[in-house]
Participant: 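Sending over a structure as structure tokens; questions will come in a sec.
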Amino acid sequence: MKKIRNLSESNFLKLFFGFFTLCFLVAAFCMPDRSTLFSGWIKILTSPCKVTTNYFWLGGYAATFFNMAMVGLMCLILLLVFKTQANNVTTLAFILTVGFGSWGINPLNSIPTMLGVCLYALVKREKLGGLVNAMMFSTGIAPLISDLLLRYPNAEVVGFNVLGACLAVLVGLVIGFFLPAGLAHAPKVHKGFSLYSAALPIGMTAFFLNAALYKTIGFDLPAAPGADTLTGAFASQLTVNIFCCVLFGLCIIFAFILGCKPKDYWILLKDPDQVTSFSATYGNSVMLMNVGVYGLMILAYYNAIGVAFNGVTFGIIFCMLACCNSGSHPANVWPIMAGYVVTSFLFGWISSLLGGTFAMAVNAQAIAIGLCYANGLSPIADKYGWGFGMLAAGLHYLLVTSVPNLHGGFCLYNGGFTACLICLVLVPELEKFFHTKQERKAARLEKAAK
């Protein structure tokens, strides 16, 4: 254990990624439907996965956990082979990609865009070690790759074919090749107020390709699986709660063993500064504690609002957790959660007054998914206070279900893309008309001194 305490940030994070991957792998072989693990996984690999596709329904529980483990293993191998220096951004990319392993990403539809990033490295003569994060982020458009590979331009699946394979590889290469430049530029657009920075270039790319490959040519968008695939026999509160409680509980236990004390974690929660890397600022054990505590908070929220824990809502727990090392923690995310709940009740009430048909309750599938990316706006709560965090969340709630019309359901980072759009609208107004928490505190102290 002493050796683990003394690990560098990069090596500790790689060990953490290996632990995560192992947990999903062990869980796969503990599922009651483990006898269909490999046949279910083949089905996941060979089926479209347009948002939102419940892998619990498509391949089964064992196959879903196995797919998440294989996605994690693939990412971990890339980090090790190319000797990447893992950091807070790597943590976000890894956990986010694994989270999508239950409803949109698999090793097969990840390859074309990753190869595109490799092509970029070859042309620009950059080392691949510094581009593994970009490889993982490039998988945010994986559903489009599956569609091109298996059914484009048809509405129904036609299976693997030469044209589809060539088109999927070509589009994947183009996406991956241009993505690194977009990733570098994105933070300048939202000024660091959206933690899901990669969502902006991925979302804009999906927006463009939806127009170019479907709407402009005149092809109809293939439908996503029906709502009946998300509930009933294809959801399990017990499976999700047991797995998450064990995983996050182990993270808390290991954090204590590694030397994290409650006061250390309290410092993280109360820090007035906007910290973007917990492992670098507070240490590995404190970051691990945040994984456990923040993970349990996310799980508790989704249990409290009563979502159906299908493959999608299982995955979004980890998509939300992905920011655990990049700026999100319980103290700055609760305003986001509260903002979603308040906005849901407010517009439900307005709808009833006006005689509307309200279908956006806080536990509705689309809204539950939306919240998991609204936490990317937590820097607004950090810098301007909880009230503005709630406001940002409310705006995100209003917009998140309309954004899929832009990208056709092919962008897994839909909510993150929405968060970037909210920043484009809200942040200039905040900077122009309002003071930050620090500025308000300084003004109070100055007034008191007089």
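Just so you know, these numbers use all the heavy atoms, side chains as well, and skip hydrogens, waters and symmetry mates. One is the number of the first residue; the rest follow in order along the sequence. Values in this document were obtained by computation on a predicted structure and should not be read as measured data.
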Participant: Decide yes or no on side-chain contact (heavy atoms from CB on, under 4.5 Å) for C23 and F243, but give the supporting numbers first.
Facilitator: CA-CA 9 Å; C23 286; F243 177 81; 4.3 Å; yes

Participant: So which heavy atom on M70 is nearest to which on P107, and how close?
Facilitator: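 Heavy-atom minimum between the residues: CB-CG, 4.1 Å.
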
Participant: Of all heavy-atom pairs between A63 and W41, which one has the smallest distance, and what is that distance?
Facilitator: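 Minimum heavy-atom contact is CB-N, 3.4 Å.
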
Participant: Kindly say whether T239 contributes a backbone atom to a donor-acceptor pair with the side chain of S236 at under 3.5 angstrom?
Facilitator: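 Pair found, side chain donor or acceptor close to backbone of T239.
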
Participant: Among all residues two or more places apart in sequence or in another chain, which pass the salt bridge (charged side-chain N to carboxylate O under 4.0 Å, His left out) test with K215?
Facilitator: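 K215: no salt bridge (charged side-chain N to carboxylate O under 4.0 Å, His left out) contacts found.
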
Participant: Taking S146 for the side chain and P48 for the main chain, is one N or O donor matched with an acceptor at less than 3.5 Å?
Facilitator: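 Pair absent, no side-chain N/O of S146 close to backbone of P48.
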
Participant: Just how far is it from atom OG1 of T205 to atom CD1 of I175, taken to the nearest 0.5 Å?
Facilitator: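 The OG1 atom of T205 sits 6.5 Å away from the CD1 atom of I175.
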
Participant: How far apart are the closest heavy atoms of G72 and V98, and which atoms are they?
Facilitator: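 For G72 and V98, the tightest heavy-atom pair comes out as CA-CG2, 3.6 Å.
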
Participant: Give the C-alpha distance, both sets of side-chain angles, the deciding distance and a yes or no for side-chain contact (heavy atoms from CB on, under 4.5 Å) between S344 and M360.
Facilitator: CA-CA 7 Å; S344 173; M360 294 173 62; over 6 Å; no

Participant: Taking the side chain as C-beta and beyond, is there a heavy-atom pair between L426 and I380 under 4.5 Å?
Facilitator: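 Touching, per the 4.5 Å side-chain cut-off.
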
Participant: Taking atom SG of C324 and atom CG of N290, what is their separation to the nearest 0.5 Å?
Facilitator: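 Separation between the atoms: 6.5 Å.
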
Participant: If I compare all heavy atoms of C118 with all of M135, which pair ends up nearest, and what's the gap?
Facilitator: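 Heavy atoms of C118 and M135 come nearest at SG-CE, 3.5 Å.
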
Participant: Take F66 and F38, measure what ring-ring contact (aromatic ring centres under 6.0 Å, His included) needs, and give me the verdict at the end.
Facilitator: CA-CA 9 Å; F66 186 74; F38 292 108; 5.5 Å; yes

Participant: Do N241 and N303 have side-chain N/O donor and acceptor atoms under 3.5 Å apart?
Facilitator: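 There is such a pair between these side chains.
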
Participant: Of all the heavy-atom pairs spanning N106 and S110, show the shortest one and how long it is.
Facilitator: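 Residues N106 and S110, closest heavy atoms: O-OG, 2.8 Å.
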
Participant: Start with the C-alpha distance between D271 and Y282, add both sets of side-chain angles, then the distance that settles side-chain hydrogen bond (donor to acceptor under 3.5 Å, both in side chains), and finish with yes or no.
Facilitator: CA-CA 11 Å; D271 196 328; Y282 306 106; 2.6 Å; yes

Participant: Do I202 and F417 have side chains that approach each other closer than 4.5 Å (heavy atoms only, starting at C-beta)?
Facilitator: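 In short, these two side chains do not touch, never coming nearer than 4.5 Å.
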
Participant: Scan side-chain atoms only and decide if S279 and N284 contain a donor-acceptor pair under the 3.5 Å cut-off.
Facilitator: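 S279 vs N284: no donor-acceptor pair found between side chains.
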
Participant: Look at the side chain of T216 and the backbone N and O of A211, then say whether any donor-acceptor pair between them is shorter than 3.5 Å.
Facilitator: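 Yes; at least one donor-acceptor contact below 3.5 Å.
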
Participant: Looking at V117, L78, N87, which hits side chain to side chain contact (heavy atoms under 4.5 Å, CB included) with N133?
Facilitator: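 With N133 as partner, side chain to side chain contact (heavy atoms under 4.5 Å, CB included) holds for just one option, N87.
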
Participant: So does T36 get a backbone contact from the side chain of S39, meaning a donor-acceptor N/O pair under 3.5 Å?
Facilitator: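 Yes, the answer is positive, given that a donor and an acceptor are paired below the 3.5 Å cut-off.
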
Participant: State, with a plain yes or no, whether a side-chain heavy atom of F314 is found less than 4.5 Å away from one of C244.
Facilitator: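 Yes; the side chains approach each other to less than 4.5 Å.
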
Participant: I'd like to know whether F56 forms a ring-ring contact (aromatic ring centres under 6.0 Å, His included) with F234, so could you lay out the CA-CA distance, the side-chain angles of the two residues, the decisive distance to 0.1 Å, and finally the verdict.
Facilitator: CA-CA 6 Å; F56 285 174; F234 310 116; 10.0 Å; no

Participant: Would you say the rings of F207 and F410 are close, in the sense that their centroids are separated by under 6.0 Å?
Facilitator: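 No, they do not, as the ring centres are separated by 6.0 Å or more.
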
Participant: Short question: side chain of N54, backbone of G311 - any donor-acceptor pair under 3.5 Å?
Facilitator: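 The answer is yes, because a donor-acceptor pair under 3.5 Å joins these two groups.
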
Participant: Could you please spell out the steps behind the side-chain contact (heavy atoms from CB on, under 4.5 Å) verdict for V246 and L250?
Facilitator: CA-CA 6 Å; V246 170; L250 286 174; 4.0 Å; yes

Participant: Looking at CG of L96 and CD1 of I105, how far apart are the two atoms once the value is rounded to the nearest 0.5 Å?
Facilitator: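 These two atoms lie 7.0 Å from each other.
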
Participant: Report yes if the distance between the aromatic ring centroids of F178 and Y120 is under 6.0 Å, otherwise no.
Facilitator: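 Between F178 and Y120, the centre distance exceeds or equals 6.0 Å.
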
Participant: Does either side chain, that of Y196 or that of N375, offer a donor lying less than 3.5 Å from an acceptor on the other one?
Facilitator: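 Y196 vs N375: donor-acceptor pair found between side chains.
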
Participant: Run the numbers on F12 and F16 for ring-ring contact (aromatic ring centres under 6.0 Å, His included), then give the verdict.
Facilitator: CA-CA 6 Å; F12 179 84; F16 169 68; 7.1 Å; no

Participant: State, to 0.1 Å, how close K50 and P225 come at their nearest heavy-atom pair, and which atoms those are.
Facilitator: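 Taking every non-hydrogen atom into account, O-CD, 4.0 Å.
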
Participant: For S102 and T64, which I'm curious about, is there any donor-acceptor pair between the side chains at under 3.5 Å?
Facilitator: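 No pair is found: no donor N or O on one side chain lies under 3.5 Å from an acceptor on the other.
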
Participant: For N310 and T313, which I'm curious about, is there any donor-acceptor pair between the side chains at under 3.5 Å?
Facilitator: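 Judged by distance alone, the side chains do pair up.
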
Participant: Could you grab the distance from atom CG of L299 to atom CE of M320, nearest 0.5 Å is fine?
Facilitator: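 It is 11.5 Å, given to the nearest 0.5 Å.
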
Participant: Taking T229 for its side chain and G226 for its backbone only, find out whether a donor-acceptor pair lies under 3.5 Å.
Facilitator: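 At least one qualifying donor-acceptor pair exists.
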
Participant: Y301 pairs by side chain to side chain contact (heavy atoms under 4.5 Å, CB included) with which of V307, L296, V362?
Facilitator: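 It is V362, the one option of V307, L296, V362 that forms the side chain to side chain contact (heavy atoms under 4.5 Å, CB included) with Y301.
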
Participant: Crowded around F160 CZ? As in, over 12 foreign heavy atoms under 6.0 Å?
Facilitator: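 Enclosed: over 12 neighbouring heavy atoms sit under 6.0 Å from CZ of F160.
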
Participant: Quick one about H396 and Y373 (side-chain donor to acceptor, distance below 3.5 Å, no hydrogens or angles considered), yes or no?
Facilitator: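 Checked: Y373/H396 side chains show no N/O donor-acceptor pair below 3.5 Å.
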
Participant: Look up atom OG1 in T401 and atom CG in L399, then write down how far apart they are to the nearest 0.5 Å.
Facilitator: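 Taking OG1 in T401 and CG in L399, the distance rounds to 8.0 Å.
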
Participant: Check whether any side-chain N or O of N325 sits under 3.5 Å from a backbone N or O of F278 as a donor-acceptor pair, and report yes or no.
Facilitator: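 A pair under 3.5 Å: yes.
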
Participant: Any salt bridge (charged side-chain N to carboxylate O under 4.0 Å, His left out) pairs touching residues 150-169, not counting sequence neighbours?
Facilitator: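 Qualifying pairs: D147-R151.
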
Participant: Counting neighbours of CH2 on W334 that are heavy atoms of other residues, nucleotides or ligands and sit closer than 6.0 Å, is the number greater than 12?
Facilitator: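 Result for CH2/W334: enclosed.
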
Participant: Cut-off 3.5 Å, side chains only: do Y55 and N67 have a donor facing an acceptor?
Facilitator: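 No, no side-chain donor-acceptor contact under 3.5 Å.
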
Participant: Can you check whether L209 reaches V171 side chain to side chain, under 4.5 Å on heavy atoms?
Facilitator: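 Of all side-chain heavy-atom pairs linking V171 with L209, at least one is under 4.5 Å.
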
Participant: Checking side-chain contact (heavy atoms from CB on, under 4.5 Å) for the pair L377/C423: CA distance, chi angles, key distance, verdict?
Facilitator: CA-CA 8 Å; L377 295 167; C423 287; 3.6 Å; yes

Participant: Would you please indicate yes or no on a ring centroid separation below 6.0 angstrom for Y152 and F219?
Facilitator: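 Yes; Y152 has its ring centre under 6.0 Å from that of F219.
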
Participant: Determine whether the side chains of N405 and S402 contain a donor N or O and an acceptor N or O closer than 3.5 Å.
Facilitator: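 No, S402 and N405 have no side-chain donor paired with an acceptor closer than 3.5 Å.
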
Participant: What distance separates L258 CG from S285 OG, expressed to the nearest 0.5 Å?
Facilitator: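 That separation rounds to 6.0 Å.
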
Participant: Quick check: F65 with Y61 (ring centres under 6.0 Å apart)?
Facilitator: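 Between Y61 and F65, the centre distance exceeds or equals 6.0 Å.
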
Participant: Is the side chain of S194 donor-acceptor paired with the backbone N or O of H190 at a distance under 3.5 Å, no angle test?
Facilitator: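 Side chain of S194 to backbone of H190: no pair is present.
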
Participant: Using the benzene-type ring in the case of Trp, are the ring centres of F100 and F318 under 6.0 Å apart?
Facilitator: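 That pair fails the under 6.0 Å test.
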
Participant: Without swapping roles, check the side chain of N109 against the backbone of G104 for a donor-acceptor pair under 3.5 Å.
Facilitator: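 Yes; judged by distance alone, with no hydrogens or angles, the pair exists.
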
Participant: Under 3.5 Å, side-chain donor or acceptor atoms of residues 346-355 against the rest of the protein: list the pairs with distances, not counting sequence neighbours.
Facilitator:
residue: S351; atom: OG; partner: G356; partner atom: O; Å: 3.4
residue: S352; atom: OG; partner: W349; partner atom: O; Å: 2.6

Participant: Over 60° means perpendicular and under 30° means parallel, so tell me whether F193 and Y384 are parallel, tilted or perpendicular.
Facilitator: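 Ring orientation of F193 relative to Y384: tilted.
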
